[in-house]
Each structure stands twice: as structure tokens, then as C-alpha cells.
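Only one structure is covered here, and it is reproduced in the block below.
Lettering of chains follows the sequences in order, A, B, ..., and the numbering in each one begins at 1.
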Amino acid sequence: MIPGQFSYHAPATLPQAIALLGEHGYDAKILSGGQSLIPLMRFRLAQPAHLVDINRIDGLAYVREEDGALRIGALAREADLDAEPLVHERYPLLADAIAVIADPLVRNLATVCGNVAHADPANDHPAVMLAYRAEVVAEGPSGRRVIPIDDFFVDTFVTALEPNEVLVELRIPAPKPGSGGAYQKLERKVGDYAIAGVAAQIVVGADGLISEAGVALTNVGPMPIRASEAEESLTGRHPNEKTFADAARLASDAADPVTDLRGPADYKRAVTRTLTARALQRAAERALS
Amino acid sequence: MATTTTEQLGGYGQSVKRKEDPRFLRGKGTYIDDIKLPGMLYMDIVRSPFAHAKITNITTQPALDIPGVLAVITGKDLDAAGLAWMPTLMSDRQMVLPVDTVMYQMQEVAAVIADSRYAAADGAAAVEVDYEPLEVVVDPFKALQDDAPILRPDREIKSNRIFHWEAGDSAATDKAFAEADVVVEQDMYIPRIHVASIETCGCIAQVDEVSGKLTVWMTTQAPHAIRTVFSLVSGIPETKIRVISPDIGGGFGGKVPVYPGYVIAVVAALTTGKPVKWIEDRSENLQADSFARDYHMKARLAATQDGTIKALDVVTIADHGAFDAAANPSKFPAGLFSIATGSYDLETAHVEVDGVYTNKPPGGVAYRCSFRVTEAVHMIERMVDILADEIGADAAELRFKNFIQPDQFPYKSPTGWEYDSGNYPAALQKALDQIGYQDLLREQQEKRERGELMGIGISTFTEIVGAGPSNTFDILGIKMFDSAEIRIHPTGSAIVRIGVQTQGQGHETTFAQIVADELGLPVDNIIVEHGDTDTAPYGLGTYASRSTPTAGAATAMAARKIRAKAKELAAHLLEVSADDLEWVDHKFQVKGSPGSSKSMAEIAFAAYTNHPQGMEAGLEAVSYYDPPNLTFPFGAYICVVDIDRGTGMVKIRRFLAIDDCGTVINPMIVEGQIHGGLAMGMAPALLEEISYDEHGNIRGGTFMDYLLPTAMETPAWETGRTVTPSPHHPFGAKGVGESATVGAPPAIVNAVVDALSHLGVRHIDIPITPWKVYKILEEHGAAE
Ligand SMILES: Cc1cc2nc3c(=O)[nH]c(=O)nc-3n(C[C@H](O)[C@H](O)[C@H](O)COP(=O)(O)OP(=O)(O)OC[C@H]3O[C@@H](n4cnc5c(N)ncnc54)[C@H](O)[C@@H]3O)c2cc1C
């Protein structure tokens, strides 16, 4: 499992990285944690002629709450977020997901931004970001732009990023009072990509009714899926078993899985229902505690 | 005063820390890939994307144009040297490189030799091969139909049937079934799985420029047998071939066969005059190396209404892939599958196996299993549960009722084996007591009433290990004895060389313990060597739990020869007749005079400094041990599972393994073997499978999809032991390395089926994936 030949670049600044990307266009790939890209290269499924390693660029490895959002820098690793008490206290959906992504060795290197930028429907963070209604910050030759998450995923492995743009930051809106979230993932074994995964984020208002809901699905379609009808069915209702069962059915309808080594399509649809109900149940417990 | 108790010496029954661990734990082992020779070249292999195809053209120039690439070897090149085919251990033949047809996906097609691993890999990617796809046969049942293409036109017999093999008494079995009150029948499939050892296969081949001697460092479990085969095939005398098997990162049967890569590397070393290294990558290892299992069985049990089992009948289709390259003793094309009657006293039995060619990689290796015992145990342990379900009996009670009783040993089985010793009721009773069987049954009842799914599964298996007696067991004519050579140095330390080859079993420790106890020398003063054909005595290698039953016995016998000579030396030193001496507390002592004694260290010194006139100096011995019988370890395993009704996920809550492997040399090592074996037994039960689509494309050929269990999937194993020594082994030991892999899968399946039995479920084929379970739950309205 030896990759083909490639040139390796290690720019010291973002502008240098962006310039290199501009120079080599689609022949170049950004290397961040390398935990998706390097396996693809070793199998020779990806053979980029140029690797632009952004790991030597200072100032990208942050995670902090600022101006009403949790800001995750391009080089913040899964392990960095896991070590941050703020993430566990205020962003339990995110914390849940990190704990079930790959294994500790991978999480020491893998970046959250890389996970989203890779746009693999099997990755867990895309659904998490959809449920949070996060924003993506991209930097290119003409500066920064903010992309709403719903516009970010274009196709399997394809995003709204231009080849000369770097995903520099993810922004998750800070939780309102009465917020709760949870991630439920079913996997064949620990460290595996999901058979199906469900991210749920809700806000329970002072009146005891659900005022906002985000529900998104992992690995049950060619792209991460927002279960819009499930979200709509939740708003304005009491957070109880019946409400969740109805939403779970709608989420399951939104799934568009294929039969593969992670199980038959109808199985994946069925467990999407189970996982949605469980994720919402847990999210509600957290919202109300 | 020299140490004399078994405990101080580190003898039998002592949990001596493994001598090999300091180097392994510090990363200081020497595996093939750690060896680097000056001027060494690297080989990479071009493999077929098709499962069955004609090769119409191979263009090597693009590879040769890559800087660093020195040569490309194809089947035509090998054919010119008469090396395009090689013999297999099962008297079939196998392509080294194909001349015109590929037989399975990932088959070797050409080899690229380069001055770096990177150039070799780039070269392999650059070789252009044109294929013309042929009809693919992946289903062995279809392979047996009249209209199936003949996959091996090179053979004289134009059929995809490799062999038909039977054991037992067909007429008596038919009669028993005709007269039976109750007959249960079940189809079962044990899928293809892979040993997936952490170290992949590889070798370095080197030819000495001056002497012409060929040295091959290779990942092999059987270096001597390999050398003999190399010598027979090539005509090079054994003095000019040296096979060295250094530290091996797991064998499990997968390192018994000879793979094409080894042979091509040797050819490359001969043609380039430089050492050539070949190391498989993980995908090559999983996708092309020999697989295990792949047995389609139709089993029937005949019984009386009260549950006395009378007869067993099994008809099996064995998918052997494109070449019969299984690694069984030569007279046993279906291995020891006829052990199928297990721990039960049946009147009669009949077992049939048909081996079949398909467009899949060859193999049928004994994956941590003494030649098809795993398949046999799975079948009989499932069938006993199915019978229990049929007649409404408790699975434990039915086993007690049908066990071979302790006073029936040595027991002659209906298929002709003679079980050496056993006490099955004691093992099962101990397991039931230890796990709290009655409480579990009560808990299960309560849970069922609440709609929760919990199951309890039992497996009371018997193994058959230690091949084997020379009257029945050979590999290509070489008898399956094994050997040991012990030399005591003047100051009472010793070197032991053995004919078997460790791949993690701890031989460097346990074989030293045998010598320590037999000769009264501290275990720390004994080193064990193996794996180098220039220095180790001839033996057939380590697999099928044979090391302790064969080479372990040889080690004890060699030690006893030394003790006999030591007695003469002690008599000389003590100036008494040898008849007046007795071996007490690990030293020779004058009968009735405990003050007058000689330790082995004192005797050893005398062997070199003060031996009597007329006696040869030195203190050493060799033993080639031909076991009188196999050994029959056994165990009683109980598994408790919980099933998630919303996902079909099975969780093993508890797993208890009571094992009996006779006399235990090192309890800690036995425990380690059981733990590892249980994980490897759980894996195929719930996770692992290699399957193929209709085009012969492999599914599950990487660790992404070939699901090795981790510490997170495995439960906290509970273990226990009973001790029933083997009556014929010099110190009563049986094998143990494979018991758990063999015994665990049916315990797990029985537990899952038990959890669902009230829904009418009788059997589920392994691996029991969550979607298989969920489908059952949905069909019975039991899903969440
Ligand atoms: C054994 C194993 C198990 C895994 N299991 C899971 C799992 O269960 N769930 C899961 O979600 N993931 C899993 N992963 C994937 C892992 O989380 C990856 O690390 C992640 O998908 C990508 O992050 P990375 O930083 O490693 O990106 P890289 O591999 O470096 O890059 C991935 C892709 O994104 C691009 N890219 C990276 N960073 C940026 C950026 N800042 N801007 C623009 N483009 C960028 C790269 O060019 C490349 O195309 C697993 C990986 C392994 C090796």
C-alpha cells in the first residue's frame, strides 16, 4: 500500500497555501489530519500530484466560544475538542460524535474541519453541523466568505469550496437556554463508519414545547441528509415519546440508503428510525436538565 | 544449595513470565521486514482484477521505464524454467504465475523487481495486462452442475469435484435414521474467513555468490517441511538450502502454505544475484492468501423421544477455491472433520465431504483449528441445541444425557477415533455452577415476560489435536513426528532446539519449563531455539495445536535420556551403583541417604571434567517422538447475550470458558491462549466474513470491512479449568492453542438462537450480523 508519486509543499502561511492551491488547481490537495486522504492515496484511489500540508501554519488550532458561536479552527483535532470542557458542557451533540469517530489514534490527528471538508457521507461531523445549523468559513485569494452549512455539501465528496479555498473555521451557534442535543451512531464495530447515524439538536421553550429542532442523518444517502420533515414535525410539540416516534418515522423516510457491507437498505432505514427516537429522547433529557 | 522445588525451578504448572516478552514488548523482535541485507532488492506483485480471465497480453516496458525498476517476471518467464506451477501439500498443483489464465481475483500475474519498495510499487502499477474475461464460478453447488465450465482443464479428471471423502458407517446410519423417533435436520454454512495475522507474509531470498547456497528468511510455520519441498522441486540438495523462520507475528495456519510470492522471490534472487525482499501488504494478505472454512453442511441427528442421540449424518460441500492448497495431513483431504460426533456417545455416524473448485483464492487452511475441527464442532454443538429445542429439553440436560462418560475412556468413536481421556460431565457441571445457570434461566424468564431478549448458549466441545501418529499422519510422505535436542553445558545451563516453530505461543518459555522440571535446572538457565533448518532438528512445525503433544513430548523424552546418563554420572560421583540412586526433589540421591546427592549442575560439570572411563563425555540427547495417539482436549463454554430490539445488535454480556487441556505447563500462557482464542472465536460468530459477488469480486477484503474484534467488542472473559491428563503423553499434556477458537462460536450462536427460540428460531448462520437478527425480529413482530 504505497502511494504514487507526488510533490509535497509545506507553506508557513495561509496566503502561501492559497497561492499554491491556485497554482496547481485540481492537481493539488490540502493535507490536514491526513486520516482520510492518506488511506485514499495508499490505495491509489486518490493520486494528487501536489500535497499542500497546512499543518505548519500557525494560529489555526483553536477552539473557543466567541461572538455567539463555537469557533473551530482548521487545525483543531478531534482530541483537542474532546479535551475542552466547554465542548462537553455546552455542545453535547458534538462531544457525543467525537467519542464515536474512529479511534483515539485517529482522533489525535484528524481535524473536525477536514472531516467536514472531505464531504464523505459516512463521516459523522457533516450531520452534526447540519443539526446545529453551523456555518463554514472559507478563505481564498480574495479573502473570507461564510457559507451556510445547507449550501456547503454539493455531492458525494464535493463541497462548495473552490479548489483554491481553505476551510479555515466552523461556527456552531452558541446554545440557547433549553437546548439539548445528542448523537446516536450504530456501527459494526468500534472505530467503524456508521451503519447509520443521527444528530439531533432541539430547543425546548419556556412553554415546554419544542421551539427549534435540527435532525440530520449520517451514511444513509449519497450526502449527509437534513431530515426537514422530521424537524418540522417536532416544532411546537411536547418532547415526548409519541412526538419522537413520529419524527423518527419521518427521518427514516428521509433516508436514502443503499445495500452494502453495512447492511441492507431497509435495515438502515429501520435503524434510522430507532436511532432518531433515541437521539431525540437523549437530546430532550439534556434540554430539560 | 541449588534450587530444587518445581516452583523455584519454574517447572510444570508455574506461571513463569514469558521469556520472549521483553523483546516483543520493547519492539525489539526481529520479523522478516526488520531484516535488511546489503544490496537488497524489492519485489512487488501485479495482481488480477478478474476472477477468471484469459491473459491476452502483458506489456512490461512501461514498468521497466521507471527509474529503479530492474526486472519484470511473468508466467511465461517461469514456464521457460519449468517453474510456472508448484505442487501443493494436497497433491494438487498451483500456479506460481499464470501462463495464460487467471483463476481468481488478486491472483499473482507478474512480479516487479526494483531497487526500492517505492519503485517496485510504481512498477507494479505500470505493468499493462490485457484480459479476456471468462465465465466465473463462485458457487460450489453450481460448480458441480453438468453445465459448469471446467475450471481446471490442466487436470486429467475433467470435473470441478476435487475429491469425495467419507467416514463412518453409511448403512448403519441409514438404519438408525429409519428407526428413529425423532430426526432433526439443518443446513449450515461456515463462511470463508481469514487468519488476518498482524504480520503479513513475506520473505527474503539470498543466494551466496560463492557457495551458491540459498537462504530464505520466511514467514513460515514449518521451515523444515518447506525446505524439503523446495529441495524436491528444485533438485537443490538440502545442504544448499537454509530456511530461517525468525520472529513470526502470528501464524494461525495461514503461514503453513507456500505462496507464489515466496517462489517468485527465490527465482528473482537466483536471476539477479541479489537478495530480494517481498512483503505483502494488508490487502494482498487478506485477499489472496489462503482462507479458512467455507463449508456448506447438511446435518441430521437421529434420537429417541427422550433425547438419546443415536446417529449423526453430515453431507458437506467444501469450497476449496481454484487450487487444492489446503494444509491437511495428506491422507485427510477433509482434515479431521470426522471428529463430528463430538463429546457424545452415538451408536453410529456417517460423514461425507466433497471438495470443489471455484474461482476463489485457494486454501482451506486450519485457522487456529486442528484441520476442520471447528466446522465439525460448530455443526454438532448446533445440532444438539436444535434437538433440545425439538423435544423441549434443556440444552445442558440433553448434553449430560448423551456425554461419553468418564469410565468409557479410552473411547472408540463411531468414525474410528480413540479419545484418550475426558471428563465431560465434570467440566459442564463446573461451568453451570460457576456462571449460575439456574439464576440465568430465571432471569431470562422474567426478561421474556417483559419483552426483553436474553439468551444462554452452551458448547461442550471435544478437540482432536497433536498430529500425529506416523501410521496415519504424514505431509507429502513426511511423517508427523516431532523433535527436540537438548545440550547441557558444563555449568548446568542448557540449550534446547525444537522442530516446531513458535508464532506467539511462548515456546521459548514452556519448552524451557519442561526441561527445567525434567532435569532440575532453573528455567532461567535454559534457552530454546527453533526455526532455522541449519540448526534445529527436523520437525513438521507448529499448527493444529501439535507442538506440546509432539515436540513437547520429544523434549521430555530427550530430557529423560539425559537423566538416564546423568544417573550413571551421579553413581560415579557418589561411588555407588546406579541402582542405589533415586530421583528425588530434582536430584539424584542415594536411597535412604538424603544427605548423599548430586544436582544436575554438579553432574553436568562432571560430564565434561570427570566422566568415568568408558563413558562418552558430554551431556546431550535428541528425541524424535512419534505420538501413539492424538490428544483430545475439551471444554464447556457458556455464553450470555442480550439483544437490542431496536437494532438487532447482539451484546455478549458474559462468556465463561472451562477448559481441560490435561497437565498445564504454564497456567498464565494457557490463560493467554484461551483469551486470544476466544476473541478469534467470537470474531466469525458475530463479525468476520469474506464473501464474493457473482463476478468473483471480493467483499470485505480490507480491515475496513473485515471486522477484527477489538477490546471494545470482546467481553471480560471468565475462565476456569479442569485437569484430565492425557494417559499416553509423557507428562499428560494435551494441546490448548485452538480450543477456544473451536469451542466459542457455537456457544455464541446457541445463545443468540436461545434468545430468539420462543419466536420459533432454530438456526442462524454466522456471522450473526445485526441485520440478520433485526430481520427475524421484524418478521416476528418483535422489533422495537
Ligand atoms: C481508521 C479510521 C476510521 C475512521 N472512522 C471515522 C468515523 O467513524 N467517522 C468519521 O467521521 N470519520 C472517520 N474517519 C475519518 C477521519 O475522521 C478523517 O480524519 C476525516 O474524515 C478527515 O479529517 P483529516 O483532518 O484527517 O483530513 P485529511 O485526510 O487531511 O483531508 C481529507 C480531505 O479534506 C480536504 N481538506 C482537509 N482539510 C481541509 C481544509 N481545512 N480545507 C479544505 N479542504 C480540506 C483534503 O484535501 C482531503 O481532500 C476515520 C479515519 C480512519 C483512518
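Only the side chain of B:Met649 has a heavy atom closer than 4.5 Å to any heavy atom of chain A. Contacts between A:Glu187 and chain B at a heavy-atom distance below 4.5 Å involve the backbone alone (N, CA, C, O). Only the side chain of B:Asp644 comes within less than 4.5 Å of a heavy atom of chain A; its backbone N, CA, C and O stay farther away. Contact of B:Glu784 with chain A is made through backbone and side chain together, with heavy-atom distances under 4.5 Å.
A distance of 6.5 Å separates CG in B:Asp44 from CD1 in A:Ile2, rounded to the nearest 0.5 Å. Here B:Asp281 contributes atom CG and A:Phe43 contributes atom CZ; the two are 8.0 Å apart, rounded to the nearest 0.5 Å.
Put simply, the side chain of A:Met1 does not reach to within 4.5 Å of the side chain of B:Thr702, judged on heavy atoms.
Of residues 254-270 of chain A, those residues lying under 4.5 Å from chain B by any heavy-atom pair are A:Leu261, A:Arg262, A:Gly263, A:Pro264, A:Tyr267, A:Ala270.
Around the CZ atom of A:Arg56, the shell of radius 6.0 Å holds no more than 12 heavy atoms that belong to other residues, nucleotides or ligands. Other residues, nucleotides and ligands contribute more than 12 heavy atoms inside 6.0 Å of the NZ atom of B:Lys772. When the shell of 6.0 Å around OH of A:Tyr8 is examined, it contains more than 12 heavy atoms from other residues, nucleotides or ligands. Within a 6.0 Å sphere centred on CD of A:Glu241, other residues, nucleotides and ligands contribute 12 heavy atoms or fewer. Around the CZ atom of A:Arg42, the shell of radius 6.0 Å holds no more than 12 heavy atoms that belong to other residues, nucleotides or ligands. When the shell of 6.0 Å around OH of B:Tyr118 is examined, it contains 12 or fewer heavy atoms from other residues, nucleotides or ligands. The local environment of CD in A:Gln5 is sparse, with at most 12 non-hydrogen atoms from other residues, nucleotides or ligands closer than 6.0 Å.
Here the shortest heavy-atom pairing between A:Pro3 and B:Asp122 reads O-OD1, 4.2 Å. Between A:Arg278 and B:Thr647 the shortest heavy-atom distance is NH1-CG2, 4.0 Å.
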For this session: Check step by step if side chain to side chain contact (heavy atoms under 4.5 Å, CB included) holds for A:Ile195 and B:Trp771.
Result: CA-CA 10 Å; A:Ile195 295 171; B:Trp771 45 92; 4.2 Å; yes
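In this structure, the side chain of A:Lys189 does not engage the main chain of B:Leu687 through any donor-acceptor pair within 3.5 Å.
Highest contact tally toward chain A, considering only B:Leu707, B:Leu686, B:Thr710, is held by B:Leu707 [criterion: heavy-atom pairs under 4.5 Å].
Applying the salt bridge (Lys or Arg N to Asp or Glu O under 4.0 Å) criterion to A:Glu229, with sequence neighbours excluded, gives no partner residue.
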